Participant: 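The structure follows.
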Amino acid sequence: TLTLEKLKVTGNGTFTFNHNIYSDAQEQSLNTFKYTAQITAEFKTGIFTFAINPQLNGQSGYHYRKFNRDIFALDAWANAKLLKKKLTVGVKADDIFNKKRIFRTNESSTSRSDTTVDNLHNYVQFFVTYDFDAK
């Protein structure tokens, strides 16, 4: 995490390696790699906050070529705090490039199943929140 007076940058990532052996034959083994990396940059100035969240997701080693891919996704949002920071008005854009898809595979020595999940992504959200004091 890098924090300056008006800019905050955070990042994280994962890497997963799987080695599956279904028999002694070389073609019955499967080495898969999955990784994710993302950075969130948030800039605050006055009543406004602007942020972007680029993400890189990838996987390889699967028998089904469609699963071996890299995806660059981008989310962004902006908001304004009004009325002594009690009212927040903003907009968020999820998956601006329309790339987020989930691909899963399950392989064994006797079968294989491939699944593609197209969850709710690629949307714009407008939001208004008000913080009522309990005082």
Side-chain angles (χ1 to χ4, degrees):
T1 302
L2 168 68
T3 304
L4 301 173
E5 189 174 321
K6 294 182 178 186
L7 178 67
K8 179 180 177 184
V9 178
T10 58
N12 63 50
T14 62
F15 180 80
T16 305
F17 168 74
N18 290 311
H19 177 67
N20 302 312
I21 301 174
Y22 304 116
S23 75
D24 291 334
Q26 178 65 30
E27 60 275 358
Q28 292 299 320
S29 66
L30 181 68
N31 293 325
T32 59
F33 304 89
K34 293 182 181 182
Y35 67 88
T36 63
Q38 68 175 343
I39 294 174
T40 301
E42 193 173 85
F43 180 73
K44 292 183 179 183
T45 179
I47 64 170
F48 296 102
T49 301
F50 303 95
I52 60 168
N53 177 234
Q55 306 146 41
L56 184 61
N57 301 301
Q59 57 190 35
S60 66
Y62 291 96
H63 294 300
Y64 187 41
R65 283 188 180 167
K66 190 175 183 179
F67 285 24
N68 299 320
R69 65 201 185 95
D70 298 315
I71 296 174
F72 177 75
L74 180 66
D75 300 341
W77 59 94
N79 64 44
K81 299 232 181 222
L82 308 166
L83 299 176
K84 298 182 184 178
K85 296 187 178 182
K86 291 183 179 234
L87 178 68
T88 304
V89 178
V91 62
K92 177 184 179 187
D94 182 81
D95 192 18
I96 293 170
F97 300 126
N98 195 22
K99 296 290 183 183
K100 290 182 184 175
R101 302 280 190 296
I102 298 171
F103 293 97
R104 288 189 207 118
T105 188
N106 185 9
E107 293 195 42
S108 72
S109 59
T110 58
S111 67
R112 181 180 103 201
S113 66
D114 300 320
T115 306
T116 303
V117 179
D118 211 358
N119 59 346
L120 178 63
H121 62 94
N122 191 244
Y123 61 86
V124 175
Q125 172 187 13
F126 297 97
F127 59 90
V128 176
T129 57
Y130 186 82
D131 183 20
F132 293 94
D133 279 346
K135 296 178 184 178

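These numbers were taken from a predicted model, which means no experiment stands behind them.
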Participant: Apply side chain to side chain donor-acceptor pair (under 3.5 Å) to Asn57 and list each qualifying residue two or more places apart in sequence or on a separate chain.
Facilitator: none
Participant: Kindly give the heavy-atom pair with the smallest separation between Ala76 and Ile96, and that separation in Å.
Facilitator: CB-CD1, 4.0 Å
Participant: Nearest 0.5 Å please: distance from the CG atom of Asn98 over to the CG atom of Leu74.
Facilitator: 12.5 Å
Participant: Between Phe132 and Tyr130, does a ring pair (Phe, Tyr, Trp, His ring centres under 6.0 Å) hold up when you go through it step by step?
Facilitator: CA-CA 6 Å; Phe132 293 94; Tyr130 186 82; 4.7 Å; yes
Participant: Measuring from Tyr35:OH to Gln59:CD, what's the distance to the nearest 0.5 Å?
Facilitator: 9.5 Å
Participant: For the side chain to side chain contact (heavy atoms under 4.5 Å, CB included) test, which of Asp95, Ile71, Asn122 pairs with Lys100?
Facilitator: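 Exactly one candidate clears the test, Asp95.
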Participant: So if you build clusters from Ile, Leu, Val, Met, Phe, Trp, Tyr with side-chain heavy-atom gaps below 4.5 Å, do Phe97 and Val124 land together?
Facilitator: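 Different hydrophobic clusters.
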Participant: Quick one: side chain to side chain donor-acceptor pair (under 3.5 Å) partners of Asn79, sequence neighbours excluded?
Facilitator: none
Participant: Taking all atoms of both residues into account, what is the closest heavy-atom pair of Ala78 and Phe50, and its distance?
Facilitator: CB-CD2, 3.7 Å
Participant: Taking Asp133 as the fixed residue, which of Lys84, Lys86, Lys85 is the one that meets the salt bridge (Lys or Arg N to Asp or Glu O under 4.0 Å) rule?
Facilitator: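 In the set Lys84, Lys86, Lys85, the residue that makes a salt bridge (Lys or Arg N to Asp or Glu O under 4.0 Å) with Asp133 is Lys86.
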Participant: Check Thr49 against Lys44 and note the closest heavy-atom contact, atom names and distance.
Facilitator: OG1-CG, 3.6 Å
Participant: Can you tell if the side chain of Leu87 reaches within under 4.5 Å of the side chain of Val89, non-hydrogen atoms only?
Facilitator: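 Side-chain contact under 4.5 Å: yes.
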Participant: Determine whether Asn53 and Trp77 satisfy the following criterion, side chain to side chain contact (heavy atoms under 4.5 Å, CB included), listing intermediate values before the conclusion.
Facilitator: CA-CA 9 Å; Asn53 177 234; Trp77 59 94; 3.9 Å; yes
Participant: What closest approach, in Å, do Phe127 and Val91 show between heavy atoms, and which atom pair accounts for it?
Facilitator: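 Taking every non-hydrogen atom into account, CE2-N, 3.6 Å.
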Participant: So if you build clusters from Ile, Leu, Val, Met, Phe, Trp, Tyr with side-chain heavy-atom gaps below 4.5 Å, do Phe48 and Ile52 land together?
Facilitator: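 Cluster IDs for Phe48 and Ile52 differ.
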Participant: Is a donor from one side chain sitting under 3.5 angstrom from an acceptor on the other, for Ser60 and Asn68?
Facilitator: no
Participant: Do Leu4 and Phe43 come close enough that some side-chain heavy atom pair is under 4.5 Å?
Facilitator: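 Sidechains of Phe43 and Leu4: no contact.
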Participant: Counting heavy atoms not belonging to Ile39, are there more than 12 under 6.0 Å from its CD1?
Facilitator: no
Participant: Side chains of Gln55 and Asp75: donor-acceptor distance under 3.5 Å anywhere?
Facilitator: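 There is such a pair (donor and acceptor under 3.5 Å, judged by atom type) between the side chains of Gln55 and Asp75.
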